[in-house]
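Proteins get letters first, then strands, A, B, ... in listed order; numbering begins at 1 in each.
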There are 2 protein chains.
Amino acid sequence: MNLKRPAPTLYDVAVAADVSTATVSRCMNFPDQVAKKTYYKVMAAIKELGYSPNFGAKAMAARRTNTIGAIIPTMENAMFARGLEAFQKELRLHGFTMLVASTSYRPDVEEEQIRSLVARGADALLLIGHEREADIYRFLETQGVPSLITWVFDEKITQPSVGFDNRVAMMEMAMKVIEFGHTRLGFISAITFQNDRAAARLDGIKDAMKSAALNTSDLSVIETNYGIDEGAKAFDSLMGNGPRPTAVLCGNDVLAVGALRRARELKIAVPQDVSIIGFDDIELAQVAYPSLTTVRVPHRDMGRRAGHILADHVKNGTPLKSLQLKTEIILRETLAPVKT
Amino acid sequence: MNLKRPAPTLYDVAVAADVSTATVSRCMNFPDQVAKKTYYKVMAAIKELGYSPNFGAKAMAARRTNTIGAIIPTMENAMFARGLEAFQKELRLHGFTMLVASTSYRPDVEEEQIRSLVARGADALLLIGHEREADIYRFLETQGVPSLITWVFDEKITQPSVGFDNRVAMMEMAMKVIEFGHTRLGFISAITFQNDRAAARLDGIKDAMKSAALNTSDLSVIETNYGIDEGAKAFDSLMGNGPRPTAVLCGNDVLAVGALRRARELKIAVPQDVSIIGFDDIELAQVAYPSLTTVRVPHRDMGRRAGHILADHVKNGTPLKSLQLKTEIILRETLAPVKT
DNA sequence: TTGTCTAATGCAAGCCATTGCATATTGCAG
DNA sequence: CTGCAATATGCAATGGCTTGCATTAGACAA
């Protein structure tokens with residue numbers, strides 16, 4: 001049944017069009033080096049046979065693939081999805097294809113995926129966050145595959161990166177919260193282990209408290225996985241033990257929305273009894289009820305610029321450069337002055 | 001500066017380990033065909049040199065890539081993201097890698113992406129919906145690339161598919177709405193042009209109305225793009241002209257949430273003044289306020305099963321089979337009996 | 001020790017496109 | 001018509017890996 005005749009090759013096309021394989025190849029890659037008449041003849045043959053060039057052979061012969069790989073923790077997160085979509089669109093404009101792989105936040109899987117994409121001949125790689133084994137950077141070096149870090153900007157790191165300063169972004173938000181009179185804070189964080197973004201955000205809150213002369217022991221932190229239910233559970237614990245925080249900051253909007261839902265279930269009024277603050281400003285934030293005060297991250301812009309820089313580097317050899325983007329505090333309904 | 005020494009090859013490893021390239025190749029692909037001692041020696045050399053096999057060469061020589069491609073309309077849609085994540089996880093279990101490409105709902109881009117993934121040597125393809133040019137199916141045939149359709153199940157189509165019956169799913173929902181006494185319905189649809197899912201859902205509503213002896217002229221339909229704001233705008237128009245519908249069904253949850261938001265802005269009470277119904281049951285649905293009545297689609301299950309079927313087919317030649325999954329009506333707060 | 005058989009390894013022919021260089025064709029001035 | 005330049009085409013080497021088949025080494029029995 002599955003009697004698959006082998007796919008036609010360049011050679012088959014050449015025979016059908018009665019030219020050499022070189023000519024067919026040029027028709028596809030440099031049409032203006034070929035006489036018009038020949039060109040049409042060849043194109044007809046290609047169409048006729050349903051020919052499609054073999055990527056492997058092409059990559060091998062041409063020593064480049066016009067492919068750029070992106071490795072993200074998860075696709076289920078709207079913020080990565082959005083950034084990637086923009087990244088891909090930008091790459092398309094430059095004639096590149098994007099390959100995505102996701103790691104479920106697991107460093108071992110990430111390493112595997114990096115190797116796999118490199119093996120596939122990715123001309124360059126987009127990575128999220130900078131924290132990974134030195135081995136991996138060394139490997140990329142040996143293989144001659146340039147990489148760009150995103151979602152992060154930190155003067156201290158040496159790799160080129162396009163992103164924002166997670167610590168400062170969260171610090172500004174926390175300072176705003178403190179301005180509103182809150183002194184006992186809660187923080188529902190993503191797992192900080194091997195996640196520099198999450199760790200930096202936590203640092204940001206602490207820094208804000210210090211600069212306001214608050215005691216960081218008045219900050220209760222819960223680390224949890226990504227998900228609405230996880231946010232809800234974390235909120236539960238925060239409200240359970242000891243003196244309640246009057247404002248709960250969250251590492252991302254999804255956690256915040258979970259907290260919001262749980263607050264409603266517990267009949268804790270937001271923002272009257274407690275303020276809830278998110279991070280990312282995904283769509284969820286504005287349709288949540290009450291609508292979520294959060295930190296807007298320019299995901300699309302980040303994806304677009306990363307795509308531009310990377311494509312430019314691979315095509316024209318422009319050196320990779322770092323770029324710091326700005327975040328913005330979006331005040332909506334879930335943040336209010338503390339009750340006195 | 002960018003003095004990249006060419007990446008090490010099989011040959012380099014062979015020399016370093018003092019064996020033939022064939023042996024190195026076997027170490028990587030069939031370790032048990034190699035003497036232990038040799039194996040360790042080779043592995044040491046590989047590590048030492050930072051060797052990584054060249055995918056193109058490998059693909060060409062082995063005539064398979066262990067890669068399965070997935071082509072989706074957009075990554076920004078949580079429902080695709082979720083299905084894909086499950087699909088990928090399943091593929092990983094079988095030793096396959098997933099390649100994703102998105103099309104922005106544009107058939108021309110889709111065709112391009114299909115060709116591109118095939119050219120990259122995808123061993124099989126996952127496609128969304130069945131409606132596309134015959135040319136494309138013919139191309140896949142010539143290339144000998146099997147494909148599986150998802151998000152859709154329709155006895156009338158010949159391609160193997162794993163999905164649900166969009167028409168029936170929406171029809172059941174509409175019948176439930178009608179049971180609640182609604183007779184003037186609105187439908188905020190995704191663009192139906194070249195989108196069989198959207199078209200089928202519209203049909204489903206009409207069928208439900210007919211079977212309840214309602215006049216389909218009492219159905220106002222607005223087609224719009226994917227997005228919260230688009231849903232909001234569409235809701236506006238539905239409420240603007242002529243007799244208002246008492247229930248507004250939506251082609252997906254995102255549109256529904258947009259409608260919900262606009263209703264709040266317009267001070268139209270949901271569900272007292274108007275019921276709003278979504279489709280997909282993404283997380284958004286349960287955190288929306290009021291929470292959204294919607295149709296639950298088993299995205300994860302669909303992704304998982306599609307992955308299984310496709311992997312099994314490529315690895316073991318098991319014929320592709322179709323599978324119909326069931327959807328479920330999730331009653332939440334946005335649907336209520338019509339006011340009398 | 002020798003002979004047999006199996007396990008381990010090596011040889012070398014592909015796989016399919018690209019591309020530098022050589023050759024053939026064409027157009028046009030003289 | 002010739003001759004030359006410019007353009008179009010073809011030849012054949014190349015890239016890195018897999019794998020069928022041939023060969024060698026090693027284990028074991030006699």
Handout entry: Flag side-chain contact, heavy atom, 4.5 Å: B/Ile128 against B/Arg197
Key = yes
Problem - 5' precedence on DNA chain D between A/Lys37 and B/Ser25 (nearest-nucleotide basis) - result: A/Lys37
Exercise for the section: Please round to the nearest 0.5 Å and tell me the distance separating atom CD of B/Glu111 and atom CD1 of B/Ile71. Expected result: 10.5 Å
How many Å lie between [atom1] on [X] and [atom2] on [N], as a whole number?
X	N	atom1	atom2	answer
B/Phe30	D/dT18	CZ	C1'	8 Å
A/Tyr11	D/dG10	OH	P	13 Å
B/Lys58	D/dG15	NZ	C1'	17 Å
A/Gln33	D/dA6	CD	P	16 Å
A/Arg26	D/dA12	CZ	P	14 Å
B/Asn29	D/dC17	CG	P	11 Å
B/Lys36	C/dA7	NZ	P	16 Å
B/Asp12	D/dG16	CG	P	8 Å

Fill in the blank from the handout: Paired with B/Leu125, the side chain to side chain contact (heavy atoms under 4.5 Å, CB included) test is passed by just one of B/Ile68, B/Val118, B/Leu148, namely B/Val118
Exercise for the section: List the steps and the verdict of side-chain contact (heavy atoms from CB on, under 4.5 Å) for A/Ser116 and B/Thr97. Expected result: CA-CA 9 Å; A/Ser116 154; B/Thr97 305; 4.2 Å; yes
Problem - salt_bridge(B/Glu76, A/Arg300) N-O dist < 4.0 Å - result: yes
Using a heavy-atom cut-off of 4.0 Å across all strands, would you classify [X] as base, sugar-phosphate, or nothing?
X	answer
A/Val24	nothing
B/Ala35	sugar-phosphate
A/Tyr39	nothing

Handout entry: Short side-chain N/O contact to C/dG10 OP1/OP2 from B/Thr23, under 4.0 Å
Key = yes
Practice task
Look at the side-chain N and O atoms of A/Ser20 and state whether any lies under 4.0 Å from the OP1 or OP2 oxygen of D/dG10.
Solution key: yes
Of the options [options], whose atoms approach the side-chain atoms of [X] most closely?
X	options	answer
A/Leu10	C/dT18, C/dC15, D/dT19	C/dT18
B/Val19	D/dT18, C/dG10, D/dT9	C/dG10
A/Thr9	C/dA12, C/dA8, C/dA17	C/dA17

Handout entry: A/His308 and A/His94 aromatic ring geometry - parallel, tilted or perpendicular at 30°/60° bounds
Key = perpendicular
Problem - Stretch residues 42-57 of chain A: residues that reach within less than 4.0 Å of DNA chain D through a heavy atom - result: A/Ala57
Fill in the blank from the handout: Note: B/Gly69 and B/Leu117 closest approach over all heavy atoms is CA-CD1, 3.8 Å
